[in-house]
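Start at 1 and go down the list; that is how both ligands and their atoms are numbered. Just so we're clear, the structure is a prediction, and the values are computed from it rather than from any experiment. Heavy atoms only: backbone and side chains are in, while hydrogens, waters and symmetry mates are out. For reference, positions follow the sequence shown, starting with 1.
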Amino acid sequence: MFRRKVSLPASDASPLPSHIAIIMDGNGRWAERRGLPRTAGHRAGLESTRRVIKESVRLGIKYLTLYTFSTENWKRPAAEVEFIMSLPGEFWRRERPALEEANVRLKVLGDINGLPLATRHVVEEAVAATQNASGLTVSLALNYGGRAEIVRAARLFMERYGIMGNEVDFATGLYTAELPDPELLIRPGGERRISNFLLWQLAYTELFFVDKLWPDFDGNDLVRVIEEYRGRSVRRGGL
Ligand code: FPP
């Protein structure tokens, strides 16, 4: 059956968001519902990530920030953690040509010193290799926690500005210092929580909770959420 591609109508009144953040949730449940190991869900989740990056490039989104591994995720069974930690390397080795072709810049948010050495090296390699790309910036939040980020920023703030600094000064100490705040947060997987993601940066962000699990989320779902976001911003503008 031919499924029509959802397309975005052009509109000056409701521009595309420049920065979309996503909490990629539901991989484990996706696998369990199929009687598969949770790692199969993470692998399927990686495919969703690839599709959503591709669609973001097509749409001309400037920044995509993906919650890939939180500071709380270390509590999972060691084998699952190890599997997730192998995915950045797998992703980079497999997708490098496509990422370079699409002019994608990779960035990492979080404490990379806490990552297994092999994971840290591969993400550092990917970040260095793509640093001059001028298309979509994909930021992977890895060993990331919002509160830990704020504490780190507070230390930098005191060193750099003392007690006289302002909010703009504070934000220079966040991992996202060079990124605009996201206009849009998407959380698939049915939960309605922020889960310690981008606590500072989400202050004015529109939140979209989607029941689909991350491995079932595709480019058309992304387009639908963006259309709803544009509808919300038109309504706000009309008030
Ligand atoms: C949350 O689902 C998902 C994770 C903790 C892993 C996220 C990793 C990916 C989506 C792969 C992408 C990786 C790269 C390198 C881009 P969950 O396991 O909490 O699902 P559940 O809530 O159903 O248990």
Consider every N or O of [X] and every N or O of ligand 1, then say whether any pair is closer than 3.5 Å.
X   : value
P88 : no
G26 : yes
Y67 : no

Any sub-3.5 Å donor-acceptor pair from [X]'s side-chain atoms to [Y]'s backbone N or O?
X    : Y    : value
Y67  : S195 : yes
T172 : V168 : no
H42  : I84  : no
Q201 : P182 : no
E149 : Y175 : yes
S48  : P215 : yes

Assess, by modelled atom type and distance only, whether the side chains of [X] and [Y] contain a donor and an acceptor separated by less than 3.5 Å.
X    : Y    : value
N103 : S134 : yes
R230 : S233 : no
N143 : W74  : yes

For this session: Within a distance under 4.0 Å of any heavy atom of N73, pick out the atoms of ligand 1 and give their elements.
Result: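 Answer for ligand 1: 5 (C).
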For this session: Mark up the atoms of ligand 1 that fall under 4.0 Å of a heavy atom belonging to T49, in ascending order.
Result: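 Taking each heavy atom of T49 in turn, ligand 1 has 12 (C), 16 (C) under 4.0 Å.
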What residue and atom, counting heavy atoms only, is the protein's closest point to [atom], and at what distance?
atom                    : value
atom 6 (C) of ligand 1  : T68 O, 3.5 Å
atom 1 (C) of ligand 1  : M24 O, 3.2 Å
atom 14 (C) of ligand 1 : L46 CD1, 3.6 Å
atom 10 (C) of ligand 1 : N27 ND2, 3.3 Å
atom 4 (C) of ligand 1  : H42 CE1, 3.8 Å

Exercise. Are G189 and ligand 1 in contact, using a heavy-atom cut-off of under 4.0 Å?
Worked result: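 Outside the 4.0 Å threshold, so no.
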Exercise. So is R38 in contact with ligand 1, going by heavy-atom distances below 4.0 Å?
Worked result: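 R38 counts as a contact of ligand 1 under the 4.0 Å cut-off.
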For this session: For L66 and F197, work out which heavy atoms get closest and say how close.
Result: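 Smallest interatomic distance, heavy atoms only, reads C-CZ, 4.3 Å.
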Between [X] and ligand 1, find which residue part has any heavy-atom pair under 4.0 Å and reply side chain, backbone, both or neither.
X    : result
R76  : side chain
L213 : neither
W214 : side chain

